[in-house]
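The structure appears right after this line, and notes come after that.
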There are 2 protein chains.
Amino acid sequence: MEKPEPLWQAIHDTLHAEIARGHWRAGSRLPTEADLAQRFGVNRHTVRRALGALAEAGLVQARRGAGVFVRAADRLPYRIGPRTRFHQNLMDTGRTPSRRILHSAQARATEAEATALNLPVDALLHVVEGISLADAQPVSLFRSAFCATRFPELGPHLAKGASITAALRAFGVSDYTRKSTRISGHAADVLQARHLEVAPGAMLLLSEAINIDPDGRPLEYGRTYFVAARVDLVLDGPETGPVVA
Amino acid sequence: MEKPEPLWQAIHDTLHAEIARGHWRAGSRLPTEADLAQRFGVNRHTVRRALGALAEAGLVQARRGAGVFVRAADRLPYRIGPRTRFHQNLMDTGRTPSRRILHSAQARATEAEATALNLPVDALLHVVEGISLADAQPVSLFRSAFCATRFPELGPHLAKGASITAALRAFGVSDYTRKSTRISGHAADVLQARHLEVAPGAMLLLSEAINIDPDGRPLEYGRTYFVAARVDLVLDGPETGPVVA
DNA sequence: GTAGATTTGTCCGTATGTATA
DNA sequence: ATATACATACGGACAAATCTA
């Protein structure tokens, strides 16, 4: 007695295999839902169920009015270690890194931020939110919180496109290291989906990190949502290479 | 001009908030789809769309014929570091760890396994597959590969429920450390979903790791799929292991 | 720039299957 | 065995975004 596989799942598997096999090239458009429905002899909604699963896995992306497009399959390795630097990280893999600042302002610390930075609740923070891109494609959505009394004018530096490393150096912080990291999986909400150019519900990897200065004082509390379909997080062993430049 | 939010999304947000707020307790049953449809004044399929999103995010779990149930919200922190030990990891958080061995046999190394273990392709490996549980709830699906010539009789040890640490000690390996880890996000396929008791398409965190002995020789190559809704991966700073400056 | 055709997104209604209580 | 409740699949209708002539 075989357990019958649902139609939408069989269609999903077929398309999945065809994409993995290179039958549909990255960036190309799939046949329309109507065409696929005819090909598999099913209703359009059944095809949509299969395409939805592919979209959540990040293999395809639908654009209303345009069609369903195959996404690039290769994920870029993103190193996480004692010295995590965004720009350096991407340059190492031959990508062109860039940032888009969405928001930069002062705000009161939430409970999580206060405990992470070892500050009293309602302490004044400088919060920066933005998007990180590799080759003009969004890979992560970040929110960084700094103590505002220690870094009173961080905003202008970051808004001008300077890296965090450079901005901190302007305040005499020559080096900083990663104290702790927590990685979890989440589904993209509507806002995140729009910023990261993924489907709502797509998989995101949340990295919550605390960076400290050489004296061990907390500098930054950052929450970064990575598009799971576009990056791998790589944690190397203790042979960490000192960088700084 | 406000952009109208889809109905299913509004319902999703409402239920999401009610669950987060504790209005529906963990383990309890939600109203039936028909009841919810009546409550929100929509068709049953619109409610299903909202419930589907909640299920993929891991907040609820549907059981055909029974109902939709609220899942426990707390994720257990799983430490990943130079010395990652499953049993110790869970005992630290007050859980009861256990293992279920699905498969244990010798096999030829795949290309990925060969390069990871620094062995020739087609080398003989001992491969163990199984499920790790915390308090009888599946949290991860693992596949570990060991060099068969070095550990000829590993299978019986592991099948008896011994930990990997104990099994390796029987072969004179007193210690081992994590050399590298790669974390990525994936959607559960049908087989993984059944083993881990999640819905197909649910979020999984894949951890690919290489463990080495004190001499630096690769011992084990492991691939572990964690249920993203049930665990956070915690990477602590260098205050735990040897800090090679 | 505009009008119309194309294509995906949402929502409804109905019917049937399957697992559970 | 019967009723309940979720799962799958079909069909139709319209809206919204995109593309094209």
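In the text below, chain A, chain B and the rest are named by the order of the sequence lines, each starting its count at 1. This is a predicted model, so every value here is computed, not measured.
Judged purely by distance below 3.5 Å, without hydrogens or angles, the side chains of B:S144 and B:H126 never pair a donor atom with an acceptor atom. Checked by atom type, the side-chain pair B:Q38/B:R44 shows no donor-acceptor distance below 3.5 Å.
When the P atom of D:dT18 is taken as reference, atom CD of A:Q61 falls 12 Å away, rounded to whole Å. Protein atom CD of B:E56 is 12 Å distant from nucleotide atom P of D:dA7, rounded to whole Å. Distance, B:L7 CG to C:dC12 C1': 11 Å, rounded to whole Å. Here C:dA19 presents its C1' atom at 12 Å from CZ of B:F69, a figure rounded to the nearest Å. C:dC11 atom P lies 14 Å from atom CG of B:L51, rounded to whole Å. Here C:dC11 presents its P atom at 9 Å from CD of B:Q9, a figure rounded to the nearest Å. If you take CZ of A:R44 and C1' of C:dT7, they are 8 Å apart, rounded to a whole angstrom.
Proximity note for B:R49 (side chain, C-beta onward) versus C:dT7, D:dC6, C:dT10: the nearest is C:dT10. Listed candidates were D:dA7, C:dG9, C:dC11. Nearest to the side chain of A:R64 is C:dG9. The side chain of B:A62 approaches D:dA7 more closely than any other nucleotide in the set C:dG9, D:dA7, C:dT10. You'll find that the side chain of A:R63 is closest to D:dC19, out of C:dC11, D:dC19, D:dC10.
By the 30° and 60° cut-offs, the orientation of the rings of B:Y225 relative to B:H186 is perpendicular.
Phosphate proximity of C:dG9 to A:R48: present, with a side-chain N or O under 4.0 Å from OP1 or OP2. For the pair B:T46 and C:dT10, the criterion of a side-chain N or O lying under 4.0 Å from OP1 or OP2 is not met. For D:dA9, neither phosphate oxygen OP1 nor OP2 lies less than 4.0 angstrom from any side-chain nitrogen or oxygen of A:N43.
Contact check of residues 30-41 of chain B against DNA chain C (heavy atom, cut-off under 4.0 Å) returns no residues at all.
Minimum heavy-atom separation, A:R71 to A:E197: NH1-O, 3.8 Å.
Between the side chain of A:H45 and the base of D:dG12, a donor-acceptor pair under 3.5 Å is found.
Between B:L206 and B:I183, every side-chain heavy-atom pair lies at or beyond the 4.5 Å cut-off. A:L141 has its side chain within reach of A:L102: a pair of non-hydrogen atoms, C-beta onward, lies under 4.5 Å apart.
The cationic group of A:R75 does not satisfy the cation-pi geometry with A:F226, failing either the under 6.0 Å distance to the six-membered ring centre or the 45° limit from the ring axis.
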